[in-house]
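Note that the structure is a prediction, hence the values are computed from the model and not measured.
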Amino acid sequence: MTDLRELLHTTAAEGSDAVDLAPDVVVDRIRHRRTRNRRRTLVAAALATAVVVGGGAWTILPSAEKPPVADGVGLHLVRSDADGPSGMEAAFQTRLTVDARGCVQASGQVTLVWPRTYTVRGDAKSFEILDGANNVVARSGVLLNIGGGGGGLRDNWTGLQCATGGSVWLVGEISPAR
């Protein structure tokens, strides 16, 4: 009875004065209406699921954590909010590697903090660090002298999931070791 009532209201809303009440026509229209309503319900459920899943993905990463598009596949750098290298002039030698999380690391428990304009390209076996002008400044496996100096982590930096918990090194000038 409810389906017939809805059919009559729909027909009236469409501006039609005549309603074909032949049983086969009424059954077809009711079946069509039910199918359309099921489809709408499924689409709404799918959209709601996508919103929940998509929203959940953003809650996993802190809001300031948006890896740059130019980074290598699955590779990450800890980046400061400074555009250029640190002006500190201390130095240490290291080789760059990638840990199991895809984080570019110095050997040992040192978190390298790169300028925010720096990116990484390549994969875990072979990668390059590029400066803001897309010049290669470091390559994986090469013994490097990394200038800069010690510091502490700040909440507004990106890639903090890569912090090792050891000392922090603000990256300055980089050159191959001799």
Side-chain angles (χ1 to χ4, degrees), residues 39-178:
R39 286 183 187 147
R40 286 180 180 168
T41 301
L42 287 173
V43 168
L47 286 172
T49 301
V51 167
V52 169
V53 170
W58 280 106
T59 59
I60 292 170
L61 294 174
S63 60
E65 194 64 36
K66 294 179 184 129
V69 175
D71 273 4
V73 177
L75 300 182
H76 312 284
L77 299 173
V78 177
R79 290 187 189 84
S80 72
D81 54 353
D83 288 330
S86 165
M88 294 184 269
E89 295 183 3
F92 81 99
Q93 285 190 344
T94 190
R95 292 182 199 280
L96 300 179
T97 59
V98 173
D99 67 13
R101 301 169 297 164
C103 299
V104 175
Q105 300 287 343
S107 53
Q109 287 292 313
V110 177
T111 297
L112 296 175
V113 180
W114 301 86
R116 73 173 165 196
T117 58
Y118 282 39
T119 57
V120 57
R121 74 174 171 207
D123 57 38
K125 293 182 183 187
S126 177
F127 60 88
E128 298 174 322
I129 307 295
L130 302 133
D131 64 12
N134 286 325
N135 298 311
V136 175
V137 294
R139 288 188 169 85
S140 57
V142 175
L143 185 62
L144 300 169
N145 287 324
I146 300 181
L153 295 174
R154 295 191 185 155
D155 290 341
N156 63 333
W157 292 353
T158 61
L160 293 177
Q161 76 274 14
C162 292
T164 62
S167 56
V168 174
W169 190 265
L170 303 175
V171 174
E173 296 298 318
I174 304 168
S175 62
R178 296 182 186 146

If you look at every heavy atom in [X] and [Y], which pair is closest and at what distance?
| X | Y | answer |
| --- | --- | --- |
| L75 | F127 | CD1-CB, 3.8 Å |
| V78 | C162 | CG2-CB, 3.7 Å |
| V120 | H76 | CG1-N, 4.4 Å |
| G148 | S86 | CA-OG, 4.1 Å |
| L96 | A138 | CD1-CB, 3.9 Å |

If we only count heavy atoms from C-beta on, is the [X] to [Y] side-chain gap below 4.5 Å?
| X | Y | answer |
| --- | --- | --- |
| T119 | R79 | yes |
| R116 | T158 | no |
| V110 | T164 | no |

Would you give the length of the straight line joining atom [atom1] of [X] to atom [atom2] of [Y], rounded to the nearest 0.5 angstrom?
| X | Y | atom1 | atom2 | result |
| --- | --- | --- | --- | --- |
| L112 | Y118 | CG | OH | 12.0 Å |
| L130 | T117 | CG | OG1 | 10.5 Å |
| T111 | L153 | OG1 | CG | 6.0 Å |
| I174 | R139 | CD1 | CZ | 12.0 Å |

Between [X] and [Y], is there a donor-acceptor pair closer than 3.5 Å when you use the side chain of the first and the backbone of the second?
| X | Y | value |
| --- | --- | --- |
| R95 | S107 | no |
| R154 | D81 | no |
| E173 | N145 | no |
| W157 | W114 | no |

Presence of salt bridge, R101 and D99, under 4.0 angstrom: yes
